[in-house]
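Structure first, then comments.
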Amino acid sequence: MLQPKKSKYRKQFRGKNRGKAYRGNELAFAEFGLKAVTGGWVSAREIEAARKKITYVTERVGRYWIRVFPDKPITRKPVGVKMGSGKGAIEGYVAVVKPGMILFELSGVTEEMARSSFEKAGHKLSVKTVMVKK
């Protein structure tokens, strides 16, 4: 799974996720893309599951790009622990996604194959998605 090699600070605040994506909202490498319609956090596990589904459906024909990277650490305290005594341990990493952001790109395949692979990959993600083309 994807995660940063090293980071300046181990734990981060949750932050706000407002507005639309103005960066990363256009196709840069390929002719088909999977675009987020809603915002939220996409975990490293979801990205990996969607990536596997894209490679499976396309039968490793063509080329794909992952346009998001999970660089935000998410913490969680164990079950049954009382309040206080600091912030919990890092549970995983997420990518912050805003509406309009391109998540995956795909080239070298037919439009039907790209549509079916992005439809199935979209089921693996916690944000609503739509396929776009150049």
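Among all heavy-atom pairs drawn from Ser117 and Leu106, the shortest one is OG-CD2, 3.5 Å. When all heavy atoms of Lys87 and Thr75 are compared, the pair lying nearest together is CE-OG1, 3.3 Å. Of all heavy-atom pairs spanning Lys77 and Lys82, the tightest one is NZ-O, 4.2 Å. For Gly40 against Val127, the heavy-atom pair with the smallest separation is N-CG1, 4.0 Å. Closest non-hydrogen pair, Ala50 versus Leu125, comes out as CB-CD2, 4.0 Å. Pro99 approaches Thr38 most closely through the heavy-atom pair CG-C, 4.1 Å.
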Take Met101 and Asn25, measure what side-chain contact (heavy atoms from CB on, under 4.5 Å) needs, and give me the verdict at the end. CA-CA 4 Å; Met101 194 175 273; Asn25 60 352; 6.0 Å; no

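One finds the CZ atom of Phe29 at 9.0 Å from the CZ atom of Arg63 (value rounded to the nearest 0.5 Å). Tyr93 OH to Asp71 CG: the interatomic distance, rounded to the nearest 0.5 Å, is 10.0 Å. In this structure, Met131 CE and Phe104 CZ are separated by 14.5 Å, a value rounded to the nearest 0.5 Å. Note that CZ of Phe118 and NZ of Lys53 are 14.5 Å apart. Values are rounded to the nearest 0.5 Å. Considering CG of Leu27 and CG of Leu34, their distance stands at 10.5 Å, rounded to 0.5 Å. Annotation: the span from Arg23 atom CZ to Lys98 atom NZ amounts to 11.0 Å, rounded to 0.5 Å.
Tracing side-chain contacts under 4.5 Å through hydrophobic residues (I, L, V, M, F, W, Y), one reaches Ile47 starting from Val97; they form part of the same cluster. Note: the hydrophobic cluster containing Val132 does not contain Trp65 (ILVMFWY, side chain heavy atoms under 4.5 Å, direct or indirect links). Transitive grouping of hydrophobic side chains (ILVMFWY, heavy atoms separated by less than 4.5 Å) brings Val96 and Ile74 into a common cluster. In this structure, Ile54 is a member of the same hydrophobic cluster as Val68, with clusters built from ILVMFWY side-chain heavy atoms closer than 4.5 Å. Leu103 and Phe69 end up in the same hydrophobic cluster when Ile, Leu, Val, Met, Phe, Trp and Tyr side chains are linked at under 4.5 Å.
Ion pairing between a basic and an acidic side chain is recognised when a charged N comes within 4.0 Å of a carboxylate O; Glu48 and Arg45 show no such pairing. Between Glu119 and Arg115 there is no salt bridge, since no side-chain N of the basic residue sits under 4.0 Å from a carboxylate O of the acidic one.
Within 6.0 Å of the NZ atom in Lys11, the count of heavy atoms belonging to other residues, nucleotides or ligands exceeds 12. Atom CD of Glu91 sits in a crowded spot, with more than 12 heavy atoms from other residues, nucleotides or ligands closer than 6.0 Å. Atom NZ of Lys134 has more than 12 neighbouring heavy atoms from other residues, nucleotides or ligands inside a 6.0 Å radius. For Lys124, the NZ atom sits in a loose shell: 12 or fewer heavy atoms of surrounding residues, nucleotides or ligands are nearer than 6.0 Å.
Partner of Lys133 under the salt bridge (charged side-chain N to carboxylate O under 4.0 Å, His left out) criterion, out of Glu112, Glu111, Glu31: Glu111 alone.
Here the side chains of Trp41 and Arg14 are in contact, with some heavy-atom distance below 4.5 Å.
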